[in-house]
Number of protein chains: 2
Amino acid sequence: MARTYGGTTMADRKAHRRRTLLDVGTELLGTKGTAAVTVRSVCRAAKLTDRYFYESFAGREELITAVFDEVAELAATALRAAVAIQAPPPDLARAAVDAFLGVLTDDPRRGRILLLEPLTDPVLSAHAGDAMRLFEALIGSQLPTTDPVRAQLTATALLGALTHLFTRWLDGSLPATRAQLTDFCVAMLANSATADRS
Amino acid sequence: MARTYGGTTMADRKAHRRRTLLDVGTELLGTKGTAAVTVRSVCRAAKLTDRYFYESFAGREELITAVFDEVAELAATALRAAVAIQAPPPDLARAAVDAFLGVLTDDPRRGRILLLEPLTDPVLSAHAGDAMRLFEALIGSQLPTTDPVRAQLTATALLGALTHLFTRWLDGSLPATRAQLTDFCVAMLANSATADRS
DNA sequence: ATGGTGTGACGACACCCGTCGTCAATCAGG
DNA sequence: CCTGATTGACGACGGGTGTCGTCACACCAT
């Protein structure tokens, strides 16, 4: 029987503190960007003394990569569920775009964490790079081209297009409805899937 | 007759110091990113005392926006020259892509300064935003669609695609030759210019 | 009550930053 | 030589950072 303090076990308290730090990390990274995430700023916002930061994380790098990983896993899970359906490619693409957008609109901070900050922050860009390469390879493998260079160019272009569309839409500077955006993305993906046939 | 010191006029020395600061700003912003650009780091690298920083710039914001503006002006100039030729659209697109890539490959730091850092740095993003909106409007006005929403979606997608393609190619992670990349971009632009006709 | 554990606050240390005033040395023109 | 301009170095001030040890107090189980 674990000993309690304040009515909870040490393991529970530790988990709770870790959760709090991740939440604050998400808030700072997703609203102000990577420079705003420091050990002290996070602990200040979390109302925890910085000893507890080191209880869960070796340093800021570990925190921001953990925050990124949480969001990436959310997105991946949603995508996996969406494309698990048995449907023709256009419906799959629509389901995928819808699912991804759903994850982003459920919490707009996620767009910045998943799509923007990794473009310039050295820690995130090194960490996220593999995930992004994976996404590209996934997109690329769906393309009906036998030319690997062309496949990668297309996948990169698509990822770039989607990144810009999503982030711009999320920040309110794209005057499109969600349905219009979804339709456009689906058509764009479909167009790429058939472009080599022309 | 302006008084001289060390064989040069005050105006010349001031101009030289400003040039040096801009060069160092370009180096730091283009290789390490915005966080590495501080008044002290710039002056250290420029081997100037920080009094001289304030001779030309009110603060770091003014320096990084000046650095961005220099690169943007280079790109704009190259683009204007490239599309001044009398040629059919595919040749215009090719000339534009070639010119833009030329500016970037002449100095790879420019890709980061022009395309990446403004995505996340608040100062640059606010400052570059208008230039980017202009680029988008320009691309959009070349599209044969009467639907303004669709035009903007397309322009945004294209800008995103180009951004990713260029930055990924510049960092060496796209295994394509420059000719392959150029061909792809030209085809992509051409495809978008005709996509609405389908 | 006792001894051990957990917590919050804080100080230490060494570093960084932005901004600017001061001082000593050098340069320049009359 | 004299006086004023220019330069380089540096310190001041007030803020921030990462990391971690210490202390006083509160909590807990026995």
Side-chain angles (χ1 to χ4, degrees), chain A residues 1-22 24-25 27-29 31-67 117 121-124 127, chain B residues 1-22 24-25 27-29 31-67 117 121-124 127:
Chain A
M1 198 39 155
R3 119 174 234 162
T4 66
Y5 187 102
T8 63
T9 63
M10 166 69 102
D12 282 351
R13 290 195 306 283
K14 184 177 174 181
H16 185 256
R17 284 189 290 257
R18 180 183 171 87
R19 181 69 261 157
T20 302
L21 292 170
L22 284 168
V24 166
E27 175 65 20
L28 290 176
L29 186 58
T31 60
K32 296 178 181 172
T34 188
V37 187
T38 67
V39 173
R40 293 188 176 191
S41 72
V42 170
C43 294
R44 228 172 1 242
K47 296 182 166 63
L48 291 171
T49 71
D50 46 18
R51 70 157 69 258
Y52 292 122
F53 186 96
Y54 301 103
E55 178 187 63
S56 293
F57 307 101
R60 100 178 260 284
E61 292 194 5
E62 199 174 307
L63 173 67
I64 58 176
T65 52
V67 167
E117 291 298 325
D121 179 77
V123 175
L124 286 180
H127 183 72
Chain B
M1 199 39 160
R3 111 175 242 168
T4 64
Y5 186 102
T8 64
T9 63
M10 164 70 99
D12 283 350
R13 292 196 305 285
K14 183 177 175 181
H16 185 259
R17 285 191 289 259
R18 180 184 171 88
R19 179 70 262 158
T20 301
L21 292 171
L22 285 168
V24 166
E27 175 64 19
L28 290 176
L29 186 58
T31 60
K32 297 178 179 174
T34 188
V37 186
T38 67
V39 173
R40 292 187 177 194
S41 72
V42 169
C43 294
R44 233 173 353 246
K47 295 183 167 60
L48 291 171
T49 71
D50 44 19
R51 76 162 62 257
Y52 293 121
F53 187 96
Y54 300 104
E55 178 186 62
S56 294
F57 308 100
R60 101 179 259 283
E61 293 195 6
E62 198 175 308
L63 173 68
I64 59 175
T65 52
V67 167
E117 292 297 323
D121 180 78
V123 175
L124 286 179
H127 183 74

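What you see is a predicted model; the values in this text were computed from it and never measured. Here is the naming used below: chain letters follow the sequence lines, and residue numbers restart at 1 for every chain.
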Nearest whole Å is fine: how far is [N] [atom2] from [X] [atom1]?
X     : N      : atom1 : atom2 : value
A:E62 : D:dT19 : CD    : P     : 11 Å
B:R44 : C:dC15 : CZ    : C1'   : 11 Å
A:D12 : C:dG6  : CG    : P     : 14 Å
A:Y54 : D:dG21 : OH    : C1'   : 13 Å

Query raised in the report: Across the strands shown, which category fits A:F53 at heavy-atom distances under 4.0 angstrom: base, sugar-phosphate, nothing?
Result: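 It contacts nothing in the nucleic acid.
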
**Report entry** Worked verdict on A:R13 versus A:T4 for side chain to side chain contact (heavy atoms under 4.5 Å, CB included)
**Finding:** CA-CA 10 Å; A:R13 290 195 306 283; A:T4 66; 5.8 Å; no

Requested in this report: Using only side-chain N and O atoms of A:T38, determine if any of them is under 4.0 Å from OP1 or OP2 of D:dT17.
Outcome: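 Yes, such a contact exists.
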
**Report entry** N or O in side chain of A:S41 less than 4.0 angstrom from D:dT17 OP1/OP2
**Finding:**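 For D:dT17, OP1/OP2 do not have a side-chain N/O of A:S41 under 4.0 Å.
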
Query raised in the report: Mapping B:G7 and B:A58 to their closest nucleotides on DNA chain C, which lands nearer the 5' end?
Result: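 Residue closer to the 5' terminus by nearest nucleotide: B:A58.
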
Query raised in the report: Want to settle it: does B:V39 or B:G6 sit nearer the 5' end of DNA chain C, counting the closest nucleotide to each?
Result: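 Nearest-nucleotide comparison on DNA chain C picks B:V39.
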
Requested in this report: Please name all residues satisfying side-chain hydrogen bond (donor to acceptor under 3.5 Å, both in side chains) with A:R18, sequence neighbours left out, ordered by chain then number.
Outcome: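 Not a single residue meets the side-chain hydrogen bond (donor to acceptor under 3.5 Å, both in side chains) criterion with A:R18.
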
Query raised in the report: Of all residues at least two apart in sequence or in a different chain, which pass the side-chain hydrogen bond (donor to acceptor under 3.5 Å, both in side chains) check with A:S41?
Result: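 In terms of side-chain hydrogen bond (donor to acceptor under 3.5 Å, both in side chains), with neighbours along the sequence ignored, A:S41 is linked to A:T38.
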
Query raised in the report: Which residue pairs pass the salt bridge (charged side-chain N to carboxylate O under 4.0 Å, His left out) test with at least one member in residues 37-52 of chain B, sequence neighbours excluded?
Result: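 Listed by first then second residue: nothing to list.
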
Report task. Applying salt bridge (charged side-chain N to carboxylate O under 4.0 Å, His left out), name anything that partners A:R19, two or more places apart in sequence or on another chain. Result ->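 A:R19 satisfies salt bridge (charged side-chain N to carboxylate O under 4.0 Å, His left out) with A:D23, A:E70 only.
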
**Report entry** Those residues that, when tested against B:E55, pass salt bridge (charged side-chain N to carboxylate O under 4.0 Å, His left out) (two or more places apart)
**Finding:**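 Per chain and number, B:E55 pairs via salt bridge (charged side-chain N to carboxylate O under 4.0 Å, His left out) with B:R17.
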
Query raised in the report: How does each nucleotide of nucleotides 5-15 of chain D score, in 5' to 3' order, for protein heavy atoms under 4.0 Å: base (B), sugar-phosphate only (S), or none (-)?
Result: SBBBBB-B---

